[in-house]
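Working notes for the structure below.
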Number of protein chains: 2
Amino acid sequence: MVNTSKKSERVPSAKMNSRVERSRHNVLTTAFELLSEGGVNGFTVDEVARRSGVAKTTIYRHWPTREALVIDACTRMIAEQETPDTGSLEGDITAILTEIAHLLPTANWSFVLPSIVDTAERNPEFAEIHSRIQRGHAAPLREALQRAIERGELSAHTDVSTIVAALMGPLFYRRWFSREPIDDQFVKAIIKRVLASL
Amino acid sequence: MVNTSKKSERVPSAKMNSRVERSRHNVLTTAFELLSEGGVNGFTVDEVARRSGVAKTTIYRHWPTREALVIDACTRMIAEQETPDTGSLEGDITAILTEIAHLLPTANWSFVLPSIVDTAERNPEFAEIHSRIQRGHAAPLREALQRAIERGELSAHTDVSTIVAALMGPLFYRRWFSREPIDDQFVKAIIKRVLASL
DNA sequence: ATGATACGATACGGTATCGTAGCGTTGTAT
DNA sequence: ATACAACGCTACGATACCGTATCGTATCAT
C-alpha cells in the first residue's frame, strides 16, 4: 500500500515524503510553541518562519492560509486521554480528575484553550475544533459513567451530562476564572460531593 | 465643591464638562458594543471612531492609548449584582444562580469574558481586571454563604471557596466549554447536589 | 547526467492599525 | 465681541502582517 515507485512513478516516494514531512513537522512544532505563548491572536506566519527556520514560502506551499495552519496546530493539540478501569466508579473518577487537575496548570493546551474558546465564540471553524477538544476531554468521564451504569452501579436514568458538568466545571472554574490552585484535596472534595448525591 | 467659576477661572465648568462627558460616553458605549462583537482583539480605535461619530483625534485626547480605552471599557462592564436575602441558604443560592443562568447566554459580558480570560493569561493588566470581574461575580454567593454560616445554617469550618466553585463551575462549564443549554432544571440539579453534601 | 521536486532568500504589493500633526470649526465663557 | 477649549477632518509616518512572485539552490529518482 506504500507505493514504492515500481514503474516510472515520479511521485511521492518515501524519501521525498521524508523531506516534506520534516518541514511540516518543524513548522507544526514551532506552531505549537507559538500558540502556547501568544494564543491564536499572537500567532503569525512570519514568526513561525523565523523560529522554525522553514521559509515562509515553504509554509505556504503546505498550508493555503494562516488560518489553515492554526487550525491544523490546534487540531493536533487534542490530547487523547486514556480511560482508566479501576473497577469502581469512584476509582475511575478519581483517576481521571486527578490527571486533569495535574494537567490544567501545566499542559500546553491549557494555555491555548481560552484563546480557542474566545475565537470559537465568533468563528464556526474554531467552534468545531473547540467542540472536538471538548468531547475529547469529557470522553473518559462519560465512558466511566457509562460503565458504571452498565454495572448497575448507577441508575439507567442518570443524567450523565449533568454529572460531567458537576465534576469538570469546578476544576475548569478554578483554572480559568477564580485562578485558585487545584490541589488533590479540592479534587477529592468535589468528587465526594458529587458521589454523595447519586 | 463644584467650582462654578467665580473669578477668571477659565477651567472645568459644568457645561464644558458636559461636552467632554458626552464624547466620553459616546465612545464608551460604542466600545462596549465593539467589545461584545469582536472581543478584545477585534477592537480597533478606528472602528470606534467610525461608529461613535467621535473623531479618532478626540478619542486620543481622552485616552492615551488603545489599551487604556479597552481597559476602561472592560472595567465598566463589571456587573454589580445584587445579593438577595430570602432568609434561607437554598433560597439565596437559587435566586443567585438562576439569575446568572439567565445572564450567561445573553449578557454582553459573557461574550467578552473569554477574550479577557485569554488576554489575562499573558497580560497582568487584564489579569487584574479579570480578577475584579471574577470577584464581582462570586461576591453574592460568598455573601449568602457567609450569612448562612453566621445564622448557624452552615458549619463555621465550611470551605466557602470550594462551594462557590462547585456551584459556579458547572454553569460556566456549560456556557463556554460544553456549550450545552443551561435550563432551570440543570441549575436545580446542581444546587441540589451541592446542598445535599453539606 | 538530467529532469523533477522541494526548499530558501529576498522582495514586493496590499491592507490594517496605531498614534500624531496640521488646521479649520463649533461651542462656551467673560 | 473675543478668547479659549473641545471637537472634526484629513492626511501622515510607522509598523506589522498576509500572501505572492521571482529566482537560485539542494535533494532525490532514474
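In what follows, every chain begins at residue 1, and chains take the letters A, B, ... in the order their sequences are listed. Every value quoted in this text rests on a predicted model; they were computed, and no experiment measured them.
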What verdict does the side chain to side chain contact (heavy atoms under 4.5 Å, CB included) test give for T30(B) and V54(B), after you've listed the backbone C-alpha separation in whole Å, the side-chain angles of each residue and the deciding distance to 0.1 Å?
CA-CA 10 Å; T30(B) 307; V54(B) 177; over 6 Å; no
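Between F43(B) and R22(B), the residue whose closest nucleotide on DNA chain C is further toward the 5' end is F43(B).
In this structure the side chain of N123(B) reaches within 4.5 angstrom of the side chain of E67(B), judged on heavy atoms.
One can place CG of D46(A) at 14 Å from P of dT10(C), the figure rounded to the nearest angstrom. Here dA29(C) presents its C1' atom at 14 Å from CG of N17(B), a figure rounded to the nearest Å. If you take CD of E47(B) and P of dT15(C), they are 18 Å apart, rounded to a whole angstrom. The nearest whole Å value for the distance from the CD atom in E21(A) to the P atom in dA6(C) is 12 Å.
The pair E47(B)-R50(B) meets the salt-bridge criterion, since a charged nitrogen lies less than 4.0 angstrom from a carboxylate oxygen.
With no hydrogens or angles considered, no side-chain donor-acceptor pair links T44(B) and R66(B) at under 3.5 Å.
Both cation-pi conditions hold for R175(A) and F111(A): the charged atom is under 6.0 angstrom from the six-membered ring centre and inside a 45 degree cone around its axis.
For the segment residues 51-71 of chain A, residues with any heavy atom less than 4.0 angstrom from an atom of DNA chain D are, sorted by number, K56(A), T57(A), Y60(A), T65(A), R66(A).
The only member of D46(B), T29(B), L34(B) that meets side chain to side chain contact (heavy atoms under 4.5 Å, CB included) when paired with R51(B) is L34(B).
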